[in-house]
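Below is one structure, written out as C-alpha cells; comments come after it.
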Amino acid sequence: MPELPEVEEVRRSLAPVLLGRRIRGITVNRADFVTPRRAPLQRLVGHRFVQTLRHGKKLFCILEDSQTLLIHLGMTGRIVCAPPTDLCPPHAHVLLDLDSGVQVRHCDPRRFGGLWYYPTLATALACEVHDRLGPDALAAKPADLAHWKNLRGKLKARLLSQHDLAGLGNIYVDEALWMARLHPLQLVRRITPEQIRRLVGAIRRVLGQSIAAGGTTFRDYRNVAGQPGKFARQLRAYGRAHLPCKRCGHPLARIVAAGRTTVYCRQCQTRH
DNA sequence: TTAGGCCTGCAC
DNA sequence: GTGCAGGCCTAA
C-alpha cells in the first residue's frame, strides 16, 4: 500500500534508472491501465527523461520535451526494472524499453493504480495537483490546516481525503494521530491551534522516519530494486489492534472510521 | 457525509 | 467459499 514514503522511495530508486535515458519502445499489455485510453505513447519514443517529481502519492516522470508520464501505484502497484530477456511477471501492464537496455515495468495485480499521459508537465500538474490535491504532506505547515476551524468532518476522514494534505493513507494517518495523541473521530472544527501544531509535527516526523527506513512493507510493497521497506517494525498503531500501546501499555482499539480500519489508543488519544 | 464499487490475492 | 485489505471515484 504505497503512501508518500513508499512513492518517494520508488522515485529515489527509479531516478538513476531513468534520468538521461531515452525511451526506445513502449508496450501496453492492458489498454485500460493507461489514461487517456488512446494516449499517443509512441510520441515518447526517442525522448530522454530529464526529471522526476513527486506530489503526495503521485510520481511524475518528465521528458526533455515536457511530455510527462504520471505513475500512480494505487494499492499493489510496483515498478520493476529488469533486462527485457527476464521473464515478464504477471500483471505487467506497461513496459518501457530504455536505451540502456533496461526494461521498466509497471505491474499492478489489483489495478487500483494506473499510468497517465500528459503532453506537458504544466498540464499534468494542473490536472493532477492544482485541481485535486493539497500541499505535499512532507512539507505540511500549521497554516495548511487553518481552514479546519470552519470545516465539518473528522480528523481521520479529512487526513485521508488528500484535499488538505496530499500523501497520507491509512497507515500514516493512524501513525500520525497516535504520535500526536489525537482521536481519529475528533471533529476538525474543534481542534485547537496547539493540537494542529502537534499533528503537523507528527505527520512530518513519521513520514521522515519512514522515508529514512525505505518505507513500510506490510505485504506487497517493494522499491525499484525489489527491496522491502523497513518501517513496518517501527509502526506504533497500524496493524497493532489489541496489542499494548507503546506509550501507555493500554490495549489498542480497532474501529472503522471513514470506511477504513482504524487503530488507536483509547487511553492516550483523546477527543474534545 | 457516507456507502458502494472497482480488483485480486491471501487467510481463514 | 467467504471476507477482508484499501486509494480513489461516483452516487445517494
Interatomic distance, [X] [atom1] vs [N] [atom2] [rounded to whole Å]:
X: A/Ile71; N: C/dG7; atom1: CD1; atom2: C1'; value: 17 Å
X: A/Asp32; N: B/dG5; atom1: CG; atom2: P; value: 20 Å
X: A/Glu3; N: C/dC8; atom1: CD; atom2: C1'; value: 13 Å
X: A/Lys156; N: C/dG7; atom1: NZ; atom2: P; value: 9 Å
X: A/His163; N: C/dG7; atom1: NE2; atom2: P; value: 15 Å
X: A/Leu187; N: B/dT2; atom1: CG; atom2: P; value: 10 Å
X: A/Arg78; N: B/dT8; atom1: CZ; atom2: P; value: 18 Å
X: A/Met75; N: C/dA5; atom1: CE; atom2: P; value: 10 Å

Distance below 4.0 Å between [X] side-chain N/O and [N] OP1 or OP2:
X: A/Arg110; N: C/dA5; result: no
X: A/Arg158; N: B/dT1; result: no
X: A/His91; N: B/dC7; result: no
X: A/Tyr221; N: C/dG6; result: no
X: A/Thr261; N: C/dG6; result: yes
X: A/Arg254; N: C/dA5; result: yes
X: A/Lys154; N: B/dT2; result: yes
X: A/Lys58; N: C/dG7; result: no

According to the 5.5 Å centroid and 30° plane-angle thresholds, does A/Phe112 stack upon the nucleobase of B/dC6?
yes
Is a donor-acceptor pair below 3.5 Å formed from side chain A/Arg260 to base C/dA5, judging by atom type as modelled?
no
Quick test of your reading of the model: are A/Arg22 and A/Glu64 salt-bridged, counting only N-O distances below 4.0 Å?
yes
Hey, are A/Asp65 and A/Arg48 close enough for a salt bridge, meaning a charged N less than 4.0 Å from a carboxylate O?
no
How would you label the contact of A/Phe33 with the nucleic acid (heavy atoms, under 4.0 Å): base, sugar-phosphate, or nothing?
nothing
A/Arg54 pairs by salt bridge (charged side-chain N to carboxylate O under 4.0 Å, His left out) with which of A/Glu128, A/Glu9, A/Glu8?
A/Glu8
Centre-to-centre under 6.0 Å for A/Phe112 and A/His72, is that the case here?
no
Determine whether the aromatic ring centres of A/His183 and A/Tyr264 lie less than 6.0 Å apart.
yes
Closest nucleotide among C/dC8, B/dT1, C/dG6 to the A/Asn170 side chain:
C/dG6
